[in-house]
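A quick write-up on the structure given underneath.
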Amino acid sequence: MSSAVVPPVGARIRQARLERGTSLRALAREVGVSASLVSQIETGKSQPSVSTLYAITTALGISVESLFDAPASVPVAGASPPGTVLHALAALAADPGRRIGPLVGAAGRETLELDSGVVWERLGRVPGVDVDFLLVTYRPGGSSSGSGGLMRHPGAEYGYLTSGELVLTLGFDEYTVRPGDAVSFESTTPHRYRNDGEVPAVGVWFVSGDVQ
């Protein structure tokens with residue numbers, strides 16, 4: 001099964017940063033990472049972890065969903081090897097029929113390969129609605145935070161695990177999520193997912209925008 005070409009996430013982050021008038025070093029300070037890491041993410045030389053991606057989008061005031069929809073005109077600094085998150089969007093832009101619509105076939109899902117063994121596949125979208133509807137895979141040893149820290153971001157999330165096991169740290173509590181289990185909580189609560197098992201953990205996740 002081949003996935004659809006993914007958008008230039010690093011270039012979209014760079015565009016949003018420049019539109020906000022934020023320097024690379026200022027964004028790095030706000031997110032709590034090094035300026036070199038932000039630079040590597042923007043140029044496609046490094047992939048962000050889930051926690052870093054949410055921290056960057058929160059700091060820039062953009063949604064994770066918008067990263068899938070980066071316009072083809074966004075300049076990409078430096079060449080990106082095929083198969084990475086920053087792979088050229090040209091093929092997708094040239095084939096409007098592959099854009100996300102009411103029905104998303106298994107071979108047409110757009111995929112983001114993140115750091116720390118996490119893969120996101122977009123299952124669908126409704127224009128103008130701030131929701132991430134994702135098939136999420138945590139490979140063995142994978143974690144939402146490469147540093148082991150907890151993350152928090154606006155909104156609420158709902159997840160249903162279909163295979164494997166995940167350990168969810170939520171505030172001061174820890175839960176083992178098994179196939180058939182579901183989770184739901186406000187994403188402003190510090191949290192982290194990790195896969196301590198030997199097989200991938202796969203599930204469907206629904207992350208909404210700001211909770212009123």
Side-chain angles (χ1 to χ4, degrees), residues 1-7 9-10 13 31-34 36-38 40-41 44-58 64-65 67-68 80-87 104-124 132-153 155-185 187 189-207:
M1 182 186 72
S2 60
S3 298
V5 177
V6 295
V9 173
I13 288 172
V31 174
V33 298
S34 68
S36 62
L37 176 58
V38 175
Q40 289 170 5
I41 290 171
K45 296 176 181 177
S46 179
Q47 310 301 346
S49 66
V50 176
S51 57
T52 299
L53 187 63
Y54 271 117
I56 289 175
T57 55
T58 299
V64 170
E65 171 74 12
L67 297 179
F68 285 93
S80 301
T84 67
V85 170
L86 298 186
H87 193 289
V104 179
R109 293 197 292 263
E110 294 174 323
T111 300
L112 293 183
E113 187 93 23
L114 301 175
D115 190 27
S116 302
V118 182
V119 180
W120 284 355
E121 297 178 63
R122 184 162 76 166
L123 296 176
D132 306 319
F133 181 30
L134 306 165
L135 180 67
V136 177
T137 300
Y138 282 82
R139 295 183 176 125
S143 172
S144 56
S145 173
S147 66
L150 304 185
M151 64 178 176
R152 52 186 301 176
H153 51 90
E157 58 189 86
Y158 307 82
Y160 177 82
L161 199 67
T162 58
S163 63
E165 285 190 1
L166 276 178
V167 176
L168 167 63
T169 301
L170 186 61
F172 295 104
D173 299 316
E174 193 167 273
Y175 305 89
T176 298
V177 187
R178 298 182 173 88
D181 290 346
V183 298
S184 57
F185 55 90
S187 303
T189 305
H191 60 284
R192 180 186 66 198
Y193 298 101
R194 72 176 191 271
N195 180 2
D196 292 339
E198 298 180 353
V199 298
V202 182
V204 175
W205 252 251
F206 178 99
V207 185

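Computed over heavy atoms, backbone and side chain alike; hydrogens, waters and symmetry mates excluded.
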### Task
Show your reasoning for whether side-chain contact (heavy atoms from CB on, under 4.5 Å) applies to His153 and Val207.
CA-CA 10 Å; His153 51 90; Val207 185; 3.9 Å; yes

Check whether any side-chain heavy atom of [X] sits under 4.5 Å from a side-chain heavy atom of [Y], and report yes or no.
{"X": "Pro48", "Y": "Leu114", "answer": "yes"}
{"X": "Leu166", "Y": "Leu161", "answer": "yes"}
{"X": "Val118", "Y": "Leu112", "answer": "no"}
{"X": "Ser51", "Y": "Arg192", "answer": "no"}

### Listed once per pair and sorted, the salt bridge (Lys or Arg N to Asp or Glu O under 4.0 Å) pairs that draw on residues 132-152, sequence neighbours left out
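Sorted result for residues 132-152: Glu113-Arg139.
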
Kindly write out the residues that satisfy side chain to side chain contact (heavy atoms under 4.5 Å, CB included) with [X], not counting sequence neighbours, or none if the list is empty.
{"X": "Thr162", "answer": "Tyr160, Val202"}
{"X": "Val204", "answer": "Leu123, Phe133, Leu135"}
{"X": "Ser36", "answer": "Ser34"}

### Task
List for me each residue that meets salt bridge (Lys or Arg N to Asp or Glu O under 4.0 Å) alongside Glu157, sequence neighbours excluded, and say none if there are none.
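Per chain and number, Glu157 pairs via salt bridge (Lys or Arg N to Asp or Glu O under 4.0 Å) with no residue.
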
### Message
Suppose we screen for salt bridge (Lys or Arg N to Asp or Glu O under 4.0 Å). Which residues come up paired with Asp196, at least two apart in sequence or across chains?
### Response
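Here the qualifying residues are Arg194.
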
Looking at every heavy atom in both [X] and [Y], which two are closest together, and how far apart are they?
{"X": "Leu150", "Y": "Gly171", "result": "CD1-O, 4.0 Å"}
{"X": "Arg122", "Y": "Val104", "result": "O-CG1, 4.2 Å"}
{"X": "Pro200", "Y": "Thr137", "result": "CB-CG2, 4.1 Å"}
{"X": "Ser49", "Y": "Gly146", "result": "CB-N, 4.0 Å"}

Cut-off 3.5 Å, no hydrogens considered: what does the side-chain donor-acceptor table look like for residues 176-185, sequence neighbours left out?
| unit_1 | atom_1 | unit_2 | atom_2 | d |
| --- | --- | --- | --- | --- |
| Arg178 | NE | Glu165 | OE2 | 3.3 |
| Asp181 | OD2 | Arg178 | N | 2.8 |

### Query
Are Trp120 and Val64 close enough, and set up right, to give a side-chain contact (heavy atoms from CB on, under 4.5 Å), and what steps lead you there?
CA-CA 11 Å; Trp120 284 355; Val64 170; 3.4 Å; yes

### Query
In Å, rounded to the nearest 0.5 Å, how long is the span from OG1 of Thr57 to CD1 of Ile13?
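One finds 8.0 Å between OG1 of Thr57 and CD1 of Ile13.
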
### Task
Evaluate the criterion side-chain contact (heavy atoms from CB on, under 4.5 Å) for residue pair Val33 and Ile41; output intermediate values, then yes/no.
CA-CA 11 Å; Val33 298; Ile41 290 171; over 6 Å; no

### Query
Which residues pass the side chain to side chain donor-acceptor pair (under 3.5 Å) test with Ser147, sequence neighbours left out?
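Only Ser145 meet the side chain to side chain donor-acceptor pair (under 3.5 Å) criterion with Ser147.
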
### Task
Applying side chain to side chain donor-acceptor pair (under 3.5 Å), name anything that partners Ser144, two or more places apart in sequence or on another chain.
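For Ser144 there are no side chain to side chain donor-acceptor pair (under 3.5 Å) partners, ignoring immediate neighbours.
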
### Task
Would you please classify the geometry between the Tyr138 ring and the Tyr193 ring as parallel, tilted or perpendicular, with 30° and 60° separating the classes?
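Rings of Tyr193 and Tyr138: tilted, 30 to 60°.
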
### Message
Keeping His191 on the side-chain end and Met151 on the backbone end, is there a donor-acceptor pair under 3.5 Å?
### Response
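Answer holds: yes.
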
### Query
Run the side-chain contact (heavy atoms from CB on, under 4.5 Å) check on Ser46 and Leu37 step by step: do they pass?
CA-CA 7 Å; Ser46 179; Leu37 176 58; 3.8 Å; yes

